[in-house]
Amino acid sequence: MLKFKLAAQSLRISRRSCALAVAAFAISIPFENLAAATAGHAIQGYRTLLAQPSQEQLQPAPSRSVPQPETRPSTAPPPVPSANAPRTPPRNEDLARGREGTPATVVDEQQLGSILGKDVLSQSGENMGRIVDILVDHTGQPRAAIIDFGGFLGLGTRKIAVNWRMLRFQSNGKMDNVVVDLTRDQLRVAPIFKPGEPVVIIGRADAVQ
Amino acid sequence: MNRRTPPNSGYANGGASFAFEPKENCARTPSQASRRGLDWFAFFVADVQTGFGPFVAAYLTAQKWTQVDIGFILTVGGLVSLAGQIPGGAIVDAARSIQRAAALAVLAIGASAFALAAWPIFIVVLGSRIAQAGASCVLGPAMAAISLGLVGHDAIGERLGRNASFASIGTGLAAVSMGASGYYLSSRAVFFVAAAMAAPALIALFRMNPSEIHSAKAHSHDPQSSPSTMTSGLRNLLGNAPLRIFAGSVLLFQLANAGMLPIAASIVTLRSSNLATVLIAGALVVPQFVVALLSPRVGRKAQKRGRRPLLIAGFGALAFRGALFAFVINPYLFVVVQLLDGISAAVFGVMVPLIIADISRDTGHFNLAQGVIGCAVGIGAAVSTMLFGYISDHFGSYAAFVTMSGTAAAGLAMVWLAMPETCPNPMSKIAQSY
């Protein structure tokens, strides 16, 4: 009798804990989806970079808290939340306790390149200057590259903002040169970039944003 | 109308002793070795200094520095070279052996070039820039002081003309060789070349016979120049009216001069597509040629006919150049207009130390006076770039050039009306040696 009572008591406790577990699991599903979705975006973004490096944009790794902008003109398939995501995405309390490590992605160094200081060529191979700066808007998208054009030993150079989409990055392994779809004459008559004034970005006439 | 001012006797030099200089007023002929040594010293020092001009920004960009950091480094260098002018002059005045002071400065510049090339991290680059700026504040007055100590006041004009000539040849050849090494090797190689040039500079420096450099004459006749007299020396110099007027006119000259070439070069890049680089390179080289050719003649003429006519010619060339830049459209004529830059640079390169030597004669503060004028030059150049860059951006380049030309004309008026003739004896034919 006592065994039965103890068993019934333990069953009740376990039933309560079962109910609690089910409730917790149900609540965490949407969070799980969000975490999976952003992780999926991150992985997807890197995969896009690896698969199609000559496409329009370099995808910077989005931070976990910034949702992806919807206006990506990409040809990448929409991210599948749980198919490519890691099985158990780390939850906030686990991260806080330090049980989960920081997620990271390892990319082959041939696939990535730094562009500050790189020479810019036109499509016909003329020297157009160097990239000295990048202008990024508030959503994190690069909008323009500042190219230091012309001059001799730094004398007479003009800083010109060129639309990011006019830049092409090499896809044959070595990212030594950046190619821009403009001619020298188009660049030389462009107004110079002055901080503190509206930026004239050469290359495409986009809608005002 | 040559008004002569008596030499500034702000010091009790009535009892100055010349016991160790019996043949003081006769024309001294320093030895051939010393003269050649000074020639080549001027040449190699200009070589070393050339490396630190525009190559620094190009090198740091290639090392992937951001524009903000590069601008910070250049600004710090400019500020240190401005603030260090007066202390640098005081140091050279207080130095017992100017050769040693100059040698230390050359070593510092060579070491900073080497460090810049070898370790392009922020702290090393900052230290290298500060060291180079400070050392050049010492080296400039030291070279003029050595020249003065070598040949004396009567032949200093011609000697300074020769120095300027060799310096401009050195700058031109160094720019070509460094540009070539930067193009064919790497921008890092430029600074190794600059550091390597320090060795021939030191060799040339020590070929000069130290006994021929009379330190008393290099400081202009005052053997006792201790650091405690720097403030009183400064007060006396600033109370000297010709020095103040000359400082004002040099400031106006730099104000008008420094901003012209960058704005004009930017316009050439705008107007001329394929040849822009060649034209700008030509615009840099042509004044060097003119300076190399004209400086000795300027020095000799300054000794024979006085300083004022040449100063007026220099200002006039600058004002005319500003006006031509405002109205000339053809980018090819840009290079021709730079001939005028050569004329005014030749005049001022020789006249500035010469007039300082005249004004600070017998005060013992020749180098401190050079520091004061160097300060005025630095302020003028810095303000010029900022001010006329602003005017060019907001009001157009035409307005900028006309304003610069007007500033040069104001300097011309100041020299014409207020500046006295500082040459001690204009028609002197004493100076045969150089």
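Naming convention: chains lettered A, B, ... in sequence-line order (proteins, then strands); numbering from 1 in each chain.
Put simply, the side chain of Lys64(B) gets close to the backbone of Leu116(A): a donor and an acceptor are under 3.5 Å apart. A donor-acceptor pair under 3.5 Å is absent between the side-chain atoms of Arg188(A) and the main chain of Thr269(B), judged by distance alone.
Contacts between residues 121-130 of chain A and chain B, counted as heavy-atom pairs separated by less than 4.5 Å, involve Arg130(A). Taking non-hydrogen atoms and a 4.5 Å limit, the residue list of residues 277-287 of chain B in contact with chain A, ordered by number, reads Thr277(B), Ile280(B), Ala281(B), Leu284(B). Below 4.5 Å, heavy atoms of chain A meet no heavy atom from residues 320-340 of chain B.
Using a 4.5 Å cut-off between heavy atoms, Ala62(B) contacts chain A through both its backbone and its side chain. Neither the backbone nor the side chain of Leu187(A) comes within less than 4.5 Å of any heavy atom of chain B.
Smallest separation of non-hydrogen atoms from Lys194(A) and Asp393(B): NZ-O, 3.6 Å.
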Which donor-acceptor pairs under 3.5 Å do side chains of residues 45-54 of chain B form with protein atoms, sequence neighbours excluded?
residue	atom	partner	partner atom	Å
Gln49(B)	OE1	Gln132(B)	NE2	3.1
Thr50(B)	OG1	Ala46(B)	O	2.6

task: Apply side-chain contact (heavy atoms from CB on, under 4.5 Å) to the pair His394(B) and Glu197(A), showing each step before the final yes or no.
output: CA-CA 11 Å; His394(B) 292 268; Glu197(A) 290 198 5; 3.4 Å; yes

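Ranking Thr61(B), Ile263(B), Leu270(B) against chain A, the residue ahead of the rest is Leu270(B), based on heavy-atom pairs under 4.5 Å.
A distance of 6.0 Å separates CG of Asp148(A) from CD of Gln67(B), quoted to the nearest 0.5 Å.
No more than 12 heavy atoms of other residues, nucleotides or ligands sit less than 6.0 Å from atom CZ of Phe289(B).
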